[in-house]
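Reviewing the structure listed below.
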Amino acid sequence: MASLVSSPFTLPNSKVEHLSSISQKHYFLHSFLPKKTNPTFSKSPKKFQCNAIGNGLFTQTTQEVRRIVPENLKGLTTVKIVYVVLEAQYQSALTAAVQTLNKNGEFASFEVVGYLVEELRDENAYKTFCKDLEDANIFIGSLIFVEELALKIKSAVEKERDRLDAVLVFPSMPEVMRLNKLGSFSMSQLGQSKSPFFQLFKKKKSSAGFSDQMLKLVRTLPKVLKYLPSDKAQDARLYILSLQFWLGGSPDNLVNFLKMVSGSYVPALKGVKMDYSDPVLYLDSGIWHPLAPCMYDDVKEYLNWYATRRDANEKLKSSNAPVIGLVLQRSHIVTGDESHYVAVIMELEARGAKVIPIFAGGLDFSGPVERYFIDPITKKPFVNSVVSLTGFALVGGPARQDHPRAIEALMKLDVPYIVALPLVFQTTEEWLNSTLGLHPIQVALQVALPELDGGMEPIVFSGRDPRTGKWKSHALHKRVEQLCTRAIKWGDLKRKSKVNYLQILINMGPFLWAEKKLAITVFSFPPDKGNVGTAAYLNVFASIYSVLKDLKKDGYNVEGLPETSAELIEEVIHDKEAQFSSPNLNVAYKMNVREYQKLTPYATALEENWGKAPGNLNSDGENLLVYGKQYGNVFIGVQPTFGYEGDPMRLLFSKSASPHHGFAAYYSFVEKIFKADAVLHFGTHGSLEFMPGKQVGMSDACFPDSLIGNIPNIYYYAANNPSEATIAKRRSYANTISYLTPPAENAGLYKGLKQLSELIASYQSLKDSGRGPQIVSSIISTARQCNLDKDVDLPDEGQEIDAKERDLVVGKVYSKIMEIESRLLPCGLHIIGEPPTAMEAVATLVNIAALDRAEDDISSLPSILAATVGRNIEEIYRGNDNGVLRDVELLRQITEASRGAISAFVERSTNSKGQVVDNSDKLTSLLGFGINEPWIQYLSNTQFYRADREKLRVLFQFLGNCLKLIVANNEVGSLKQALEGKYVEPGPGGDPIRNPKVLPTGKNIHALDPQSIPTTAALQSAKIVVERLLERQKVDNGGKYPETVALVLWGTDNIKTYGESLAQVMWMIGVRPVADTLGRVNRVEPVSLEELGRPRVDVVVNCSGVFRDLFINQMNLLDRGIKMVAELDEPEDQNFVRKHALEQAKTLGIDVREAATRVFSNASGSYSSNINLAVENSSWNDEKQLQDMYLSRKSFAFDCDAPGVGMMEKRKVFEMALSTADATFQNLDSSEISLTDVSHYFDSDPTNLVQNLRKDGKKPSAYIADTTTANAQVRTLSETVRLDARTKLLNPKWYEGMLSTGYEGVREIEKRLTNTVGWSATSGQVDNWVYEEANTTFIKDEEMLNRLMNTNPNSFRKLLQTFLEANGRGYWDTSEENIEKLKQLYSEVEDKIEGIDR
């Protein structure tokens, strides 16, 4: 792979023929890593080996390549100019302007030096910058929006501001804008003045019109100000003229700009007459083509010119040619830094596509998009797809975005929207050599923000080379090819017909040349016949069947589709529901090695990990096998797995292996043999997007990029998993379409738990009679039978207890069973396109209603009901947690009243078929007349009849909207839109209970702006959880605070909760996040020990690979915060971070900052500790091996002092930090995912590992914070595992719901048991009775046993294997009889599976 990375960029010969002579001659074919450096520089720039050298930052470039010192002074006054810009396009134009002025040498000599904002992170560069300012005349800044660097610039310029002759800052953060000074014109009062100019910069919620207003002002103000006599007005006029010159950015404009500012404000030139011309004004927005005679502001005129081009062939002028819209930044065009734009235009035209390249002068592109891409008469788009080459959000650029306005414009346009990236903060070579890929700030500004607009495919298409001295953009040829081909392919979806030939012939349709082909890809985790079609919460084959029926109705050719989804499973996996002995699924294609190598150019790169093709995975020894089944123009294929799941040695490698040959062959088949127009990855999630490569901004040597090739990728993703969906979006270029999780229900009570509930009801009515003590005795013995004695401190049977203690015991048992009863669980599996009925939505609505929403002035239903009886809901929650019988009973009544009121409301909102009536009249009538409101009618029969009606009305209006969203459904509709080359509306992913805006599903999921977290509300919630955690640990630890907590940060959790767990880490160490003037969090400050009221607790932070990819800025923030705390001069018994860092620094012989490294994750491009794969595939020998996997893969640290280096292995520091942990800690944040639902949680659990690393061998306490309800809890890990087992694995309501889905349901049961074994392996916190009860439920019950065996024998075999493994590894102690039965069943099911095929 290294050779691929460092290969010189030359264009393959075959490519040249396709390019026009213009592109060959000027723009496209130069090598952009020249061997010679420009000899005129005063210092030669450094050589680049990799991004980890030098200062450890993202860029090693230096201002010296932008320094011009005049050679021939001629005794003229020297004017020194220092400038700082975000992007480099002004550099070459400014250099040219200064060279012109010095060459003419009439009035003054100009010395100039320029800095890119990012370079000022380097201390040496910053010192030189400060020194340069000391003798500068003029300072210029533009687009300075990175807070930490903005503050450095402010600090340096402020010191010199009074002495400087002029300070000119163009759109930047307000702190920097206030530095502006031009004669009497100043912006120091920015945001306070009443003048229109100052009003422009005031912070607004939506600043969509910011750039438009600014451009308008820039056009009109100079004319007005010209006639005002005061100096102040003239200075303001010259500032606006300066802005006009700057925005007009050509060398000529900048020559006149420098003349005007120098002549007007440099004292030594006061008497010199320096004539300057007015700014040459360019169109604020328009259409630009490098070969066109002018810029156009009318799309029809442009298209007329296009049709008459002599250099273009007829194919390009044909009305059938694809049309691609491009969005460009005007500053690149006017400064002459446009060769990367030219390369894209020429490449598209070489591939037969027409191009409409539009630009805007400001930062709002929504107007030009509507003006130039949409036909004003038909309202149809002129273009088939759009590629933004700016990298910015459509409205607002790097400053304040207006996503609703952007989405409105893009929905009108209704074509796929791609946002490609020019490198801004790195040179080409630095990016190529970086494991991270793109600079984190560029990821935040130019990947995360455009995703909120619905932007896709963050392909890096241009770079920069510092060594030419011109610092201009250049095209990255292979990336440009990839970008252009993909843009045309997305456009083709709009142009191609889906209808089959026969129908076309009958209808005489126009598109005889095309039939749309779709490859549906399903997953198989872990690799086993019983696991084909795995996806979170999804009944995959029923969903595929439902989708294909819909597509068939729509005209797609799905010839041979069977009659039922059960038959579909049978055909894809060869034999009904996995009952077969052959090692293979249905083989759709055999690819010989020669064909494979011809179709897969990167095949040799896989040999390092897998040897020569074909290998032994997805292979018969001679050919590579593609598994699946074709129906007409639809292929259903099974994605191969990672390939190393069953190899303990490979699982130990700290970095993940490349895809194997079978994996590569699958995607080569889909793209080049089946020739799919689009691939649909079906459900959460596959392994393509988790293959090695850069985190974001991949090169052609990154495996996800190579694998997906040029196929448009549509991906059904669970709505509650925005983080992994974002990885799929960025690394496999997916248009991610959300699907709903199954409707939630309350877990309810069963067996002994139900009996307990009845006994408690008896006790409450008879407790004051003589039968009270007797009933309590029954409650205690039944609680023991239900194994509740682990959760509740029960007195010994027969022990005498008084009435008060009896109430307390009953209260605690009651509280525990109500906790079990009310737990939400998703029942069954979702089928795409089948929304829940209104009544199925009741439990979800009850939980939505349980949260206060202060920002919308909505009170929670429990708080409204509690107030009715003169209580505060938080007090009731606390009393309930402490087992106060009165409060437990009151909370049950509040819960029942909430359910009743909401059920009554839902019943009245639906028709006889149970559908929500979507006419607003019905809702209005419900919300209209006091006593008739169904919730009022229901509550009138309860003790809560006096509830506040106005608050209830506001709440139920909100719930009415939520109900409509829950039962709405656009999952199939959005898929069809994507397949027809239309725009899929973006929307947030997350927990619908916390954020109902996640609904309806069928949206293009995005995460959030990573710089927006943690929010103030998240910090408030975090404080509560941290204090409860520390109090709980003090109780379990003899009254002492924990010195260190080892915890995990997950991507999805932090998106759903807006950074709660991130804020928990901050509060443990005692720092708080500080937002800048734009509301972005890029700084932390220490909280005083007095305010904290306790010692600072040390942390060891294990970030998931997904968190690392999405929130590397926040890892930087945490690392800075922890190191800041380690350096505070505080007593060691009050600052455990400092205490441990000093000890570790001494032991390891390193400085305190390095010893305070606490933020860890995987190596870049790798994910998980692999413990989950080892457990799922039973490919591990002992717990020591699992712990080695964790240490080997999770010991990569992020260093805020060298962020450009990426993740560096620091195993020694990691082990020493973990060895101080007194507690381990994780968060559960939504009801759909709990500890045993997925393998991620135990994969990241270091409980047993910490015990082995601690000198005293003491096992740390293990805690789980549960914020899935309004009443946040901190439980021990073992309590949470028990709760999980009772509400899911052992709960008839849950397992019957799963079994109702058939084949997939058996797998879901097996998965829960396997994950339980995972917890035994990493923490030892699973009680024996959990396995015993599971065995009783699924094995001892003959009827159940036969259902499982007949429905999915392969998954049933795995279930038996897991029971035997739990016993063999010492996690389950049971009778010989049970073990013998399991062994016998295992033999039977083996024979059954094999016998079917005999």
Side-chain angles (χ1 to χ4, degrees), residues 790-791 1022-1050 1053 1060-1070 1092-1103 1118 1122 1125 1133-1141 1143-1144 1156 1158-1160 1169 1187 1190-1191 1194 1214-1229 1235 1241-1267 1272-1283 1319 1322-1326:
K790 304 280 195 311
D791 303 281
K1023 285 180 181 178
I1024 294 166
V1025 170
V1026 169
E1027 296 315 325
R1028 285 187 191 167
L1029 168 71
L1030 298 180
E1031 282 308 313
R1032 179 80 200 249
Q1033 171 67 358
K1034 274 174 76 180
V1035 170
D1036 297 349
N1037 196 33
K1040 289 192 297 191
Y1041 281 107
E1043 292 200 3
T1044 305
V1045 175
L1047 47 83
V1048 186
L1049 290 181
W1050 298 103
D1053 295 17
E1060 269 179 34
S1061 50
L1062 183 64
Q1064 288 166 5
V1065 181
M1066 292 178 180
W1067 197 246
M1068 282 180 200
I1069 63 169
L1092 204 56
R1094 58 165 171 82
R1096 300 184 194 277
V1097 175
D1098 198 359
V1099 289
V1100 187
V1101 186
N1102 164 15
C1103 302
L1118 280 183
I1122 292 164
V1125 166
D1133 64 345
Q1134 290 299 300
N1135 183 337
F1136 297 134
V1137 184
R1138 181 166 178 76
K1139 175 186 171 183
H1140 297 149
E1143 288 167 2
Q1144 287 152 15
R1158 296 289 185 270
V1159 182
F1160 296 90
S1169 72
Q1187 291 165 19
Y1190 187 95
L1191 289 171
K1194 284 289 181 182
F1214 186 45
E1215 289 185 19
M1216 286 194 75
L1218 280 174
S1219 73
T1220 65
D1222 299 302
T1224 63
F1225 177 61
Q1226 295 203 48
N1227 283 277
L1228 288 177
D1229 63 279
L1235 290 188
Y1241 290 117
F1242 74 75
D1243 181 73
S1244 285
D1245 171 54
T1247 306
N1248 283 351
L1249 167 62
V1250 169
Q1251 181 178 9
N1252 277 355
L1253 291 173
R1254 281 182 68 102
K1255 285 176 186 159
D1256 58 8
K1258 183 185 167 196
K1259 188 165 217 160
S1261 308
Y1263 299 106
I1264 303 289
D1266 179 345
T1267 56
Q1273 301 283 328
V1274 173
R1275 301 188 186 92
T1276 64
L1277 173 56
S1278 53
E1279 283 169 352
T1280 314
V1281 171
R1282 288 193 288 273
L1283 180 61
W1319 281 110
T1322 63
S1323 72
Q1325 303 282 304
V1326 183

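Hydrogens, waters and symmetry mates are skipped; everything else that's a heavy atom, side chains included, is used.
In this structure, CG on Asp1229 lies 9.5 Å from CG on Asp1266, to the nearest 0.5 angstrom. Rounding to the nearest 0.5 angstrom, the gap separating the CG atom in Asn1227 from the CD atom in Glu1060 is 7.5 Å. Phe1242 CZ to Gln1325 CD: the interatomic distance, rounded to the nearest 0.5 Å, is 15.0 Å. In this structure, Leu1191 CG and Asn1252 CG are separated by 9.5 Å, a value rounded to the nearest 0.5 Å. Going from atom OG of Ser1219 over to atom CD of Gln1144 covers 6.5 Å, rounded to the nearest 0.5 Å.
Val1159 approaches Cys1103 most closely through the heavy-atom pair CG1-SG, 3.9 Å. Between Ile1122 and Ala1156, the closest heavy-atom pair is CG2-O, 3.4 Å. Here the shortest heavy-atom pairing between Pro1042 and Leu1030 reads CG-CD2, 3.6 Å. The nearest pair of heavy atoms linking Val1097 to Ile1069 is O-CG2, 3.4 Å.
Defined by atom type and a distance below 3.5 Å, a donor-acceptor pair is present between the side-chain atoms of Asp1243 and Ser1169. Side-chain contact annotation: Ser1323 with Thr1247, donor-acceptor N/O pair under 3.5 Å absent. If you check the side chains of Asp1036 and Tyr1263, you find a donor sitting under 3.5 Å from an acceptor. Residues Asn1102 and Tyr1190 have side chains that bring a donor and an acceptor to within less than 3.5 angstrom of each other. Counting only N and O atoms by type, the side chains of Glu1043 and Thr1220 include no donor and acceptor under 3.5 Å apart. Side-chain atoms of Gln1033 and Asp1222 form no donor-acceptor pair, as typed in the model, at a separation below 3.5 Å.
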Run Asp1256 and Lys1258 through salt bridge (Lys or Arg N to Asp or Glu O under 4.0 Å) and show every step you take. CA-CA 5 Å; Asp1256 58 8; Lys1258 183 185 167 196; 5.9 Å; no
Decide yes or no on side chain to side chain contact (heavy atoms under 4.5 Å, CB included) for Val1274 and Val1025, but give the supporting numbers first. CA-CA 7 Å; Val1274 173; Val1025 170; 4.3 Å; yes
Assess whether side chain to side chain contact (heavy atoms under 4.5 Å, CB included) is satisfied between Gln1187 and Asn1248, documenting all intermediate values. CA-CA 8 Å; Gln1187 291 165 19; Asn1248 283 351; 3.7 Å; yes
Between Phe1225 and Ser1261, is the side chain to side chain contact (heavy atoms under 4.5 Å, CB included) condition met? List the steps. CA-CA 9 Å; Phe1225 177 61; Ser1261 308; over 6 Å; no
Run Thr1280 and Leu1228 through side chain to side chain contact (heavy atoms under 4.5 Å, CB included) and show every step you take. CA-CA 10 Å; Thr1280 314; Leu1228 288 177; 3.9 Å; yes
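Residues Phe1160 and Val1101 form no side-chain contact, since every pair of their non-hydrogen atoms from C-beta on lies 4.5 Å or further apart. For the pair Glu1143 and Arg1138, the minimum side-chain heavy-atom distance is 4.5 Å or more. By the 4.5 Å heavy-atom criterion applied to side chains, Arg1275 and Leu1283 are counted as neighbours. For the pair Lys1139/Arg1096, no side-chain contact is recorded, criterion being any heavy-atom separation below 4.5 Å from C-beta on. A 4.5 Å side-chain heavy-atom check between Leu1118 and Leu1062 finds at least one atom pair inside the cut-off. With contacts defined as side-chain heavy-atom distances shorter than 4.5 Å, the pair Gln1251/Pro1260 qualifies. Contact of the Thr1276 side chain with the Ile1264 side chain is not registered, since no non-hydrogen atoms from C-beta on lie closer than 4.5 Å.
Residues Tyr1241 and Trp1319 place their aromatic rings such that the two centres sit no closer than 6.0 Å.
Checked options Leu1235, Leu1049, Leu1047, Asp1245; the residue passing with Gln1226 is Asp1245 (criterion: side-chain contact (heavy atoms from CB on, under 4.5 Å)).
Annotation: side chain to side chain donor-acceptor pair (under 3.5 Å) contacts of Glu1279 (sequence neighbours excluded): Arg1032.
Between the side chain of Arg1028 and the main chain of Lys1023, no donor-acceptor pair closer than 3.5 Å is present. With hydrogens and angles ignored, the 3.5 Å screen pairs no side-chain donor or acceptor of Asn1037 with any backbone N or O of Gly1039. The backbone N or O of Met1068 sits less than 3.5 Å from a side-chain atom of Arg1094, completing a donor-acceptor pair. Put simply, the side chain of Asp1098 never gets that close to the backbone of Val1045: no donor and acceptor are under 3.5 Å apart.
At least one test fails for Lys1194 against the ring of Phe1214: distance under 6.0 Å to the centre or angle within 45° of the axis.
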